[in-house]
Amino acid sequence: MRASILLSTLALALVAQASSLTGPRALVLLDTLDDADVYTDLWSDLEGRHFNLTINDVSSPVSLTKYDRRLYDHLIFLAPKMKEYPKGMSAKAVVGFVAEGGNVILAGSSELANPLRELSREFDVEYDNRYTSVLDHFNYDKELGQAKHDAIVVDPSTHMSKIDAIVPQDKLPGPILFRGIGHSASPKNSLLTPILWAPQEAYSWESVNLDESADQDPLIAGKDISLVSVMQARNNARIAFLGSTEMLSDAFFGAPAKKQGGKESVNGNRKFIEELTKWTFQEKSALDVVAVQHHMVGEEEAPAHYRIKDNMTYTISLAEYHDGEWHPFSANDVQLELIMLDPYVRKTLEQVELDDQATVGTFTTTLQLPDQYGVFKFMVNYKRPGLTYIESVTTVGIHPFRHDQYPRFISQAKPYYTSAASMGVGLLIFSFVYLWGGLDSSVKTTKKA
């Protein structure tokens with residue numbers, strides 16, 4: 001096992017030379033190339049993390065694959081006004097890009113056009129109607145949202161998810177500034193996770209008709225308005241949905257947060273986007289199975305097969321990628337399942353204590369195999385929000401006892417043993433009485449006259 005862990009760790013170290021596990025190639029789509037000057041801080045942050053950016057506008061032809069291979073590892077949509085896809089791209093091509101393991105960031109605005117709306121629906125995300133904005137008359141920024149109250153200040157301590165694997169709250173220096181469109185993430189899709197949502201007093205409404213009286217209720221309001229949501233597909237590809245392109249801009253990165261009725265503070269937009277892009281581009285919270293071992297108790301090598309009721313030990317080693325390196329993974333909820341159609345055994349693995357030189361987290365348990373023979377699977381199916389999915393399957397055969405391996409006597413058969421013994425004793429007594437307990441042979445019988 002040590003050799004396998006050493007080889008796997010060496011392979012992980014070679015992969016870790018790149019900042020992202022998926023790769024460094026990123027394609028950025030803008031409405032016009034002039035918009036590139038709006039996001040210079042974002043480009044600087046991404047290039048500082050060793051990404052190779054290709055910036056195109058929607059009028060330039062684009063190809064995501066060539067010879068069935070991805071030309072890019074990440075796709076960033078900052079083109080909310082796009083009325084049609086660039087030549088060579090379609091919603092089907094983007095979905096296929098995700099199916100092949102590519103990561104996507106989709107940022108919208110109140111002018112979000114149909115192509116990106118239809119793309120978001122492919123992942124069960126529904127943006128509000130065009131020209132609507134998230135408004136809040138209590139939590140707006142005094143400078144950026146003074147006119148329409150459409151630039152809102154969001155407190156991450158109360159309106160952000162507690163999933164530190166995606167965006168840890170303790171790393172944000174202040175509140176988040178947001179101006180854009182709201183969306184809703186389908187609760188039926190377990191792969192979707194809202195990350196940032198609007199305050200209770202906020203609502204979504206047409207920002208172009210604020211002076212007119214309202215003739216209907218807003219479609220979404222309060223905490224039902226998702227501002228940022230993420231999705232991790234079953235193949236571990238990651239997608240981020242944002243309702244605002246401005247929250248990624250230089251203006252919002254550098255502007256202080258001045259909430260109406262509150263004190264001025266540093267905003268957390270730049271750090272929020274940094275952590276969000278790190279997660280989306282798989283620069284952190286990525287798990288990998290380094291080694292799996294199983295054997296009989298007291299042995300070291302895996303047998304060709306097991307026997308029912310054997311005592312065996314199962315061990316799995318996991319590593320987590322973040323900060324450009326692989327680290328030991330720690331958790332207390334990793335479970336092992338022994339499955340043949342249905343789980344026969346489910347047991348929580350115990351983590352081996354880590355030392356200073358540990359490169360992987362090792363989880364182990366000892367269990368007795370069930371009294372059922374057949375082909376079983378040792379499965380570790382670990383799925384937690386924000387972390388890449390782990391599904392390790394090892395197939396083993398469990399044999400019944402051979403005819404000479406059963407116990408000579410079993411306690412359940414005691415009545416039958418007693419019955420057989422009593423019959424034998426009875427036969428001996430009967431034979432003794434019959435042979436030696438009859439009439440005296442010396443007595444002679446006489447005939448009557």
Side-chain angles (χ1 to χ4, degrees), residues 1-5 7-9 12 163 165 190-191 232-236 285-320 326-355 358-413:
M1 180 181 178
R2 293 179 180 177
S4 62
I5 291 180
L7 292 174
S8 300
T9 305
L12 295 179
I163 306 175
S190 60
L191 304 178
Q232 183 166 268
R234 300 187 190 279
N235 64 346
N236 289 324
S285 302
L287 304 182
D288 189 61
V289 178
V290 179
V292 174
Q293 185 187 32
H294 57 91
H295 55 78
M296 300 278 290
V297 172
E299 300 180 3
E300 294 185 357
E301 298 296 329
H305 58 80
Y306 290 95
R307 191 184 62 186
I308 58 175
K309 295 186 177 182
D310 276 347
N311 292 317
M312 56 84 61
T313 299
Y314 178 90
T315 304
I316 185 170
S317 299
L318 303 177
E320 180 180 5
W326 289 95
H327 302 268
F329 176 65
S330 297
N332 58 3
D333 57 351
V334 181
Q335 290 186 330
L336 169 68
E337 291 180 322
L338 186 57
I339 298 175
M340 186 175 67
L341 298 181
D342 295 316
Y344 279 71
V345 177
R346 180 182 290 119
K347 193 172 183 181
T348 301
L349 301 175
E350 298 180 0
Q351 184 166 12
V352 178
E353 185 176 354
L354 299 173
D355 55 35
T359 57
V360 296
T362 303
F363 303 83
T364 185
T365 189
T366 299
L367 55 91
Q368 185 182 54
L369 297 178
D371 188 7
Q372 175 68 44
Y373 59 87
V375 178
F376 282 79
K377 293 188 293 185
F378 292 135
M379 176 178 287
V380 174
N381 190 8
Y382 191 75
K383 293 181 172 67
R384 297 296 182 272
L387 299 174
T388 53
Y389 305 138
I390 290 294
E391 188 170 340
S392 174
V393 178
T394 304
T395 303
V396 297
I398 299 180
H399 291 196
F401 289 118
R402 295 196 302 267
H403 69 281
D404 59 348
Q405 290 179 320
Y406 285 96
R408 186 66 64 183
F409 298 101
I410 54 179
S411 59
Q412 290 85 348

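- Atom CG of residue L318 and atom CG of residue L349 lie 9.0 Å apart, to the nearest 0.5 angstrom.
- Listed for the T313 side chain is no donor-acceptor partner under 3.5 Å among the backbone atoms of V297.
- Proximity of a side-chain donor or acceptor of K377 to a complementary backbone N or O of E337 within less than 3.5 Å is not detected.
- Side-chain contact between L367 and L336 is present, with heavy atoms from C-beta onward closer than 4.5 Å.
- Screening F378, F376, Y314 for a ring-ring contact (aromatic ring centres under 6.0 Å, His included) involving H294 leaves a single residue, F378.
- In terms of heavy-atom proximity, Q372 sits nearest to I398 at O-CG2, 3.8 Å.
- In this structure, NE2 in H399 is found 11.0 Å from CG in D310, a value given to the nearest 0.5 Å.
- If you take OG1 on T394 and CE on M379, they are separated by 9.5 Å, rounding to the nearest 0.5 Å.
- Between the side chain of S285 and the backbone N or O of A165, at least one donor-acceptor pair lies under 3.5 Å.
- Taking all atoms of both residues into account, the shortest heavy-atom contact from K347 to T366 is NZ-O, 2.5 Å.
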Practice prompt. Evaluate the side chain to side chain contact (heavy atoms under 4.5 Å, CB included) criterion for residues V290 and W326: first the C-alpha distance (whole Å), next the side-chain angles of each, then the deciding distance (0.1 Å), finally the verdict.
Written response: CA-CA 11 Å; V290 179; W326 289 95; over 6 Å; no
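- Scanning for salt bridge (Lys or Arg N to Asp or Glu O under 4.0 Å) contacts around E350 gives an empty result, with sequence neighbours left out.
- Of the inter-residue distances, the one linking K383 atom NZ with I390 atom CD1 reads 9.5 Å to the nearest 0.5 angstrom.
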### Message
Walk me through whether F329 and Q351 qualify under side chain to side chain contact (heavy atoms under 4.5 Å, CB included).
### Response
CA-CA 10 Å; F329 176 65; Q351 184 166 12; over 6 Å; no
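- Judged by distance alone, with hydrogens and angles left aside, the side-chain atoms of E320 form no donor-acceptor pair with the main-chain N or O of S330 at under 3.5 Å.
- Scanning both residues, A233 and L191, for their nearest heavy atoms gives CA-CD1, 4.3 Å.
- Partners of D333 by salt bridge (Lys or Arg N to Asp or Glu O under 4.0 Å), not counting sequence neighbours, listed by chain and number: R384.
- Taking each heavy atom of V289 and S392 in turn, the nearest pair found is CG2-CB, 4.3 Å.
- For F363 and Y382, the gap between ring centers reaches or exceeds 6.0 Å.
- Taking both residues in full, the closest heavy atoms of L338 and P370 are given as CD2-CD, 3.4 Å, listed atom of the first, atom of the second, then distance.
- Of the inter-residue distances, the one linking N332 atom CG with T348 atom OG1 reads 8.5 Å to the nearest 0.5 angstrom.
- Checked by atom type and distance alone, the side chain of Q232 pairs as donor or acceptor with a backbone atom of L387 at under 3.5 Å.
- Atom OG1 of T362 and atom CD1 of I316 lie 10.0 Å apart (nearest 0.5 Å).
- Remark: side-chain polar atoms of N236 are paired, donor with acceptor, to backbone N or O of Y389 under 3.5 angstrom.
- A heavy-atom distance below 4.5 Å is found between the side chains of F401 and I308.
- With sequence neighbours left out, P400 forms a side chain to side chain contact (heavy atoms under 4.5 Å, CB included) with Y373.
- Closest of all the heavy-atom pairs between L354 and G361 is CD2-CA, 4.1 Å.
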